[in-house]
K.L.:
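Got a structure here, written out as structure tokens. Questions coming.
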Protein chains: 2
Amino acid sequence: MNDAKPRGRPPSTAAREKALAAAHAILMEEGFGRLTVEAVAARSGVGKATLYRNWTNACELAMAALIDGVPLVQAGGETGLKAALTAQMQALVKAFATTRGRQIAMTLAAADPESEMTRAFRNRVILSSREAGRNLILEAARRGEIPPPLDIDTLLDMAYGPVFYRILAGHQPLNAAFAERLAENAVTILTAPRP
Amino acid sequence: MNDAKPRGRPPSTAAREKALAAAHAILMEEGFGRLTVEAVAARSGVGKATLYRNWTNACELAMAALIDGVPLVQAGGETGLKAALTAQMQALVKAFATTRGRQIAMTLAAADPESEMTRAFRNRVILSSREAGRNLILEAARRGEIPPPLDIDTLLDMAYGPVFYRILAGHQPLNAAFAERLAENAVTILTAPRP
DNA sequence: TAATTACGATACGTTTCGTTTCGAAATGAG
DNA sequence: CTCATTTCGAAACGAAACGTATCGTAATTA
């Protein structure tokens, strides 16, 4: 084990938090294009050197800020698959219908696909929101409300993917009615008799 | 009318074509992140001033370079909704499971939503491919194969959205099995009895 | 108290941006 | 043909952001 106490001044969590808060604010107020390391330094009062000590570039700083700032979409307490899934989709749409969804898409597009931070970002923003939906479905199957689902991943893609698709393409609005339709159709797939 | 002949040296279509070809090559070889105006100028031999005369920034240059190569997904000749829709989804996945497809998605994510070029790009990439799917569904309904669909837009989102979602999020592969599942589930929604 | 480590501030050279300037090339008008 | 006009490619420019390095200071352990 390496449990020797470090010797000098400890790294400042306060500095990191100030930096992430400033980065998130810049993302929401001015957008990804304006998120520069220098802007975060100026707004947060944290030195550039410290920023580069903690993150390799502005894009990773953006991902770190979004990881903290993205609400964990987790609706609970509903009874029945359809109600639970509808609540889940409502929460997802509400969380991403703002500028946040667009900034997440831009950040993902700009991120280095190989980067470790990108993997963490995907896990947090994409995969973890899927888990809530996956659990709703598995619980409904355990209750016998639906037959055992065949391909949950594709089903989750069909529920979550359209939200990002509308963010990306902008051909239709993201609203509560849309969320409800997605949940309805997902339930239709899950309850349909299989050949 | 304003059909007076222009007086000086005519704008060079050759320069534009060289620039677009260079931009396209850079996109395919190095990705959207490396597409800078200076890189296009260096590779094409076209002056930066000429590039800025024709496009406002690197992103619009990327859209212009990609828009001509966007695959028009249009599968035809199949009989029955399920076969036709499966062929359509196979074609879509095949077209976008390429380097070009990924760059198209990245460019869409990075584009300024207000820009005129972005509108044209979206029309080409998003709307035109949706029309093929929409027609398949409407024809099936006309044949009486399915009841009149309620909300084709959301259904198309659930078929097409997951493809772009997987490109952007990269959590699962784009392959033929995925395309088939999307088509199957879409047909399930379309044929399900309604309350 | 001394050694160590991170901090904020600041300066630096580099890169990319988008603009501007320049002489050469290409066209229509006279 | 000659001139005016317009675009061309090349190059230089200032501004902005990059990523690095240096500095004196603050915080912590030995």
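Letters A, B, ... are given to chains in the order of the sequence lines, protein chains preceding strands, and every chain is numbered from 1.
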K.L.:
Nearest whole Å is fine: how far is dA17(D) C1' from F32(A) CZ?
P.N.:
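It works out to 14 Å between those atoms.
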K.L.:
Starting the side chain at C-beta, find the nucleotide from dG19(D), dT19(C), dG8(C) nearest to Y52(B).
P.N.:
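It is dT19(C).
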K.L.:
Quickly work out the W55(A) CH2 to dC18(D) C1' distance and round it to whole Å.
P.N.:
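Rounding to the nearest Å, CH2 of W55(A) and C1' of dC18(D) are 17 Å apart.
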K.L.:
Considering every strand and a 4.0 Å limit on heavy-atom distances, what is the contact class for A15(A): base, sugar-phosphate, or nothing?
P.N.:
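Sugar-phosphate, backbone atoms only, no base.
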K.L.:
Do any side-chain nitrogens or oxygens of S12(B) fall under 4.0 Å of OP1 or OP2 in dT7(D)?
P.N.:
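Checking S12(B) against dT7(D): no side-chain N or O falls below 4.0 Å of OP1 or OP2.
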K.L.:
Indicate, with a heavy-atom threshold strictly under 4.0 Å, whether A58(A) touches base, sugar-phosphate, or nothing.
P.N.:
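Since only primed, P, OP1 and OP2 atoms lie under 4.0 Å of A58(A), the category is sugar-phosphate.
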K.L.:
Evaluate side chain to side chain contact (heavy atoms under 4.5 Å, CB included) for T107(B) paired with L35(B), printing each intermediate quantity in order.
P.N.:
CA-CA 11 Å; T107(B) 306; L35(B) 184 87; over 6 Å; no
K.L.:
Separation of R34(A) atom CZ from dC17(C) atom C1', in whole Å?
P.N.:
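Distance check: R34(A) CZ to dC17(C) C1' gives 14 Å.
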K.L.:
Whole Å only: how far is the CZ atom of R43(A) from the P atom of dA9(C)?
P.N.:
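Those two atoms, CZ and P, are 16 Å apart.
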K.L.:
Any luck finding a side-chain donor-acceptor pair between H171(A) and D153(B) under 3.5 Å?
P.N.:
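Side-chain D/A pair, H171(A) to D153(B): absent.
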K.L.:
So among T154(B), D157(B), D151(B), which one has a side chain to side chain donor-acceptor pair (under 3.5 Å) with R181(A)?
P.N.:
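With R181(A) as partner, T154(B), D157(B), D151(B) yield a single side chain to side chain donor-acceptor pair (under 3.5 Å), made by D151(B).
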K.L.:
Between R53(A) and dT5(C), is there a contact of a side-chain N or O with OP1 or OP2 at under 4.0 Å?
P.N.:
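False: R53(A) side-chain N/O out of range (4.0 Å or more) of dT5(C) OP1/OP2.
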K.L.:
Distance check: side-chain N/O of R7(A) vs OP1/OP2 of dA30(D), anything under 4.0 Å?
P.N.:
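For R7(A), the contact criterion (side-chain N or O under 4.0 Å from OP1 or OP2 of dA30(D)) is not met.
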K.L.:
What nucleotide, of dG8(C), dA26(C), dG19(D), holds the atom closest to the side chain of P10(B)?
P.N.:
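Among the listed nucleotides, the one closest to the side chain of P10(B) is dA26(C).
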K.L.:
Do S115(A) and D112(A) meet the criterion of a side-chain donor-acceptor pair at a distance under 3.5 Å?
P.N.:
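No.
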K.L.:
Between P on dA9(C) and CG on L51(A), what's the gap in Å once rounded to a whole number?
P.N.:
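The answer, rounded to whole Å, is 11 Å.
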K.L.:
Side-chain N or O of T36(B) less than 4.0 angstrom from OP1 or OP2 on dT16(C)?
P.N.:
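For dT16(C), neither OP1 nor OP2 has a side-chain N or O of T36(B) closer than 4.0 Å.
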K.L.:
Starting at atom CG of L35(B), determine the distance to atom P of dG18(C), rounded to an integer number of angstrom.
P.N.:
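That distance rounds to 12 Å.
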K.L.:
Taking atom P of dC17(C) as reference, at what distance in whole Å does atom CG of L61(B) sit?
P.N.:
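In whole Å, dC17(C) P lies 11 Å from L61(B) CG.
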K.L.:
Nearest of dG8(C), dC8(D), dG19(D) to any side-chain atom of E38(A)?
P.N.:
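Shortest atom-to-atom distance from the side chain points to dG19(D).
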K.L.:
Given F164(B), which of Y165(A), F164(A), Y160(A) fulfils the ring-ring contact (aromatic ring centres under 6.0 Å, His included) condition?
P.N.:
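Output: one option passes, namely Y165(A).
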K.L.:
Tell whether R9(B) reaches the base of dA25(C) with its side chain through a donor-acceptor pair below 3.5 angstrom.
P.N.:
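For R9(B), whose side chain was compared with the base of dA25(C), there is a donor-acceptor pair (under 3.5 Å).
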K.L.:
Classify the side chain of K48(B) and the base of dG18(C) as holding, or not holding, a donor-acceptor pair under 3.5 Å.
P.N.:
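Donor-acceptor pair under 3.5 Å: yes.
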K.L.:
Taking the side chain of A49(A) as its heavy atoms from C-beta onward, which of dA21(D), dG18(C), dC7(C) lies nearest to it?
P.N.:
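Of the options given, the side chain of A49(A) lies nearest dA21(D).
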